[in-house]
Q: 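Mind having a look at this structure? Questions to follow.
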Protein chains: 2
Amino acid sequence: MGGTDKKKTIDTVARKAGVSVSTVSRVMNNPEMVKEDKRLRVLKVMEELEYSPSPLARGLATDSLGLIGIIVPNITNQANARIVYAAMDRLEKKGMGVMLFDAREDLERELTIYRTLPKKMIDGVIVIFGNGEEEDYTRLAEDLPLVLAGPPAVGIPVDQLSSNEGQGFQNLVQYFYEMGHRDIAFLYGSDKTKGGVRRKNLFKRTMEDFGLKAPGHHLLNCPWTLEGGYEGAARLLKQGELPGAVISSSDQIAIGAMRRFQEYGLHIPSDISVAGFDNSPMARFVTPSLTSLDFPHSRMGEEAAELIIRRIQNRKKTPARIILPLEVVSRESTAPPEKHSG
Amino acid sequence: MGGTDKKKTIDTVARKAGVSVSTVSRVMNNPEMVKEDKRLRVLKVMEELEYSPSPLARGLATDSLGLIGIIVPNITNQANARIVYAAMDRLEKKGMGVMLFDAREDLERELTIYRTLPKKMIDGVIVIFGNGEEEDYTRLAEDLPLVLAGPPAVGIPVDQLSSNEGQGFQNLVQYFYEMGHRDIAFLYGSDKTKGGVRRKNLFKRTMEDFGLKAPGHHLLNCPWTLEGGYEGAARLLKQGELPGAVISSSDQIAIGAMRRFQEYGLHIPSDISVAGFDNSPMARFVTPSLTSLDFPHSRMGEEAAELIIRRIQNRKKTPARIILPLEVVSRESTAPPEKHSG
DNA sequence: TTGAAAGCGCTAACAC
DNA sequence: GTGTTAGCGCTTTCAA
């Protein structure tokens, strides 16, 4: 009943300040166009009224709400979360908000998100580790500014941000090679993800470059989770002959695998070496601590934010393609193979 | 130059279907009010035109964009992420989008978010593990529907969702007590968080209920991170006398602490037992696997979503207060104390 | 430098 | 049932 909580619009402010709504609007958007005293007066009234403009009305008029959509496979995955975290920070500094979409590791769902994305509501979209086809992204990019962070969808004219996986595998295999390992298995992730399939091939090729074999039974597909790694390792154990080392497509997979090996009675790294991928915060703290390929999540998030902002500002600049390095971080989970006489 | 990509509005549809805009609007919002044949005709035209309404325009007219704000301390924290994940799923099913805000573990920042929240843009807000004061939330709740998920801010008339920490500590201390432990330390989290301080007191009280002491040097504050646990454990080690068991306010803290103990040469659980809090996915896979208090993150996220939706529908229903159970999940990291003769 | 007024695209009375 | 029209709150010409 106080009557003080009526809704304040730009009109309320204009009236109380004795100016027109356009002046108030200018004070907010082009202050230099308004004469000092009037400007201050308006500002004061806005203060008193605790006025804040409606993003909706402004958005309708300017065709921009200042929102960026971010699509992730699964926000509970730390790697995803770290990228989002970094991107949000940058976006916030530019005054942009973030609308989050989670595909829940489901391709159907992911494609549905692409299709039903509220395109009129967001100014652009960042897709993290997307699993769509090139055409999906080509189509998306027609509708709104798009940045692809994750595996490159080579060939399409879209801002892309990826890690140098070729170099990464090169480094990792070399690391093991120099340690004396020749028999290396790979838990490459899920066959249902582009990243997984891509890494499987990349690994195979890299092994060949080193003159090593990567037989099919040493290439194991598994979900990108702790359980996935656990089960992948279990399958490996059932095969009998063990490789001297196991690489995994994520630290989660590696940690799951380590657990299985340990339960089996194996000692890491003397019986078997294990390496991860991500260099997640956990890697340093598990026992044994996990050798991993350092993935620049923060950097990727930041760059993605920068790219989308630039793309929004200039929709026809030529697409960027940023490639970030991957470097081996050596820890306790890897060691030269023991020379078993068998 | 094709001319096919002009922007389609409700008017375009109306014209092409030979009806008025209100009919088109009705087809979208109150289809039962439109005669079958007209309805189908409009639907067909919408299809052909690939028309999708502008959420902005609709929002401006209805005063609702269908967006829920979610504020978290840190999305890279799995516990946060799991709650968000679950909430998003529920919200999506109700046709709501999510705008994410990250306080970056910083109280200042958190309060700034409360203050600068685009209240006109979102229909409601879910605060997860908030660290604000009651008055902050009282104020927020005046402006828009609010749900508090995390430590209860008892006393204010706002929908609240918390875990039964009293019962949880009861269970956990009893678990250790029955195992024969009398000396229990607690890495309670950060003094700068409400949750941490609250748990410290709760733990102390619970210990007393069991006739046990919780001396100051066994109550250690530390950041809610792996590093935090590591450093907390280091401080404990420096004290000399070790407790038989250590409880931690999160699995992250516990894992960090375990790492420190192991580096120190201690064997877990025979030298010292460690328990976590959260029962995160990691708990099963670290070595030794971690005894933990199971926290219903998914449940909390889902309930939070339900609550905010109900609150939006009826802003004056009496506030709900849901309390979720915490149960001990026993694993390898805990065991009866060894009977050292010293 | 300022104000008047025409949108932005949709919803919801209100009238027919 | 359906159409007309007045908003929703802001930006942005266009004139003055």
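None of the values given here were measured: they were computed from a predicted structure. Lettering follows sequence order; numbering is per chain, from 1.
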Q: Does OP1 or OP2 of C:dT2 have a side-chain N or O of A:Thr23 closer than 4.0 Å?
A: no

Q: Once hydrogens and angles are ignored, does a donor-acceptor distance under 3.5 Å link the base of D:dG3 to the side chain of B:Ser22?
A: yes

Q: Checking side-chain polar atoms at under 3.5 Å, does B:Asp11 have a donor or acceptor matched by the opposite partner on B:Thr9?
A: no

Q: On the ring face of B:Tyr51, is A:Lys120 found with NZ or CZ under 6.0 Å from the centre and within 45° of the axis?
A: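 Output yes; distance and angle both within limits.
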
Q: Relative to the 5' end of DNA chain D, which residue comes earlier, A:Asn29 or B:Ser20, by the nucleotide with the nearest heavy atom?
A: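 Mapping each residue to its closest nucleotide by heavy atoms, the 5'-most match is B:Ser20.
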
Q: How long is the line joining CD1 of A:Ile10 and P of C:dA4, in whole Å?
A: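 Distance check: A:Ile10 CD1 to C:dA4 P gives 13 Å.
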
Q: How many Å lie between CZ on A:Arg15 and P on C:dA4, as a whole number?
A: 11 Å

Q: Quick check on DNA chain D: between B:Lys35 and A:Ala61, whose nearest nucleotide comes earlier from the 5' end?
A: B:Lys35

Q: With heavy atoms under 4.0 Å as the rule, sort B:Val19 into base, sugar-phosphate or nothing.
A: sugar-phosphate

Q: Once you round it to whole Å, what is the distance between P of C:dC10 and CG of B:Leu60?
A: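 So the two atoms are 12 Å apart, to the nearest Å.
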
Q: Should A:Lys38 be listed as having a side-chain N or O under 4.0 Å from OP1 or OP2 of C:dT1?
A: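 The answer is no; no side-chain N or O of A:Lys38 sits under 4.0 Å from OP1 or OP2.
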
Q: Figure out the CZ/C1' separation between A:Arg26 and C:dG3, and round it to whole Å.
A: 7 Å

Q: Applying a 4.0 Å non-hydrogen cut-off, can you work out what B:Val34 is touching in the nucleic acid: base, sugar-phosphate, or nothing?
A: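 Since only primed, P, OP1 and OP2 atoms lie under 4.0 Å of B:Val34, the category is sugar-phosphate.
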
Q: Using the ring of B:Phe295 (Phe, Tyr or Trp, six-membered ring only), decide whether B:Arg82 places NZ or CZ under 6.0 Å from its centre and within 45 degrees of its axis.
A: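 No, B:Arg82 does not lie over the aromatic ring of B:Phe295.
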
Q: Can you tell me the distance, in whole Å, between the CG atom of A:Asp11 and the P atom of C:dA4?
A: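 Rounding to the nearest Å, CG of A:Asp11 and P of C:dA4 are 11 Å apart.
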
Q: Using atom CG of B:Leu56 as one end and atom P of D:dT11 as the other, report the distance to the nearest whole Å.
A: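 After rounding, the gap between these two atoms is 13 Å.
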
Q: Are OP1 or OP2 of D:dT11 and a side-chain N or O of A:Arg58 less than 4.0 angstrom apart?
A: yes

Q: Establish, for the pair B:Arg104 and A:Tyr85, whether the NZ or CZ atom is under 6.0 angstrom from the six-membered ring centre and no further than 45 degrees off its axis.
A: yes

Q: How long is the line joining NZ of B:Lys7 and C1' of C:dC10, in whole Å?
A: 14 Å

Q: Any donor-acceptor pair under 3.5 Å between the side chain of B:Ser25 and the base of C:dA12?
A: no

Q: For atom CG of B:Asp63, is the number of surrounding heavy atoms from other residues, nucleotides or ligands below 6.0 Å larger than 12?
A: no

Q: Whole angstroms only, please: what is the CG-P distance between A:Asp63 and C:dC10?
A: 12 Å

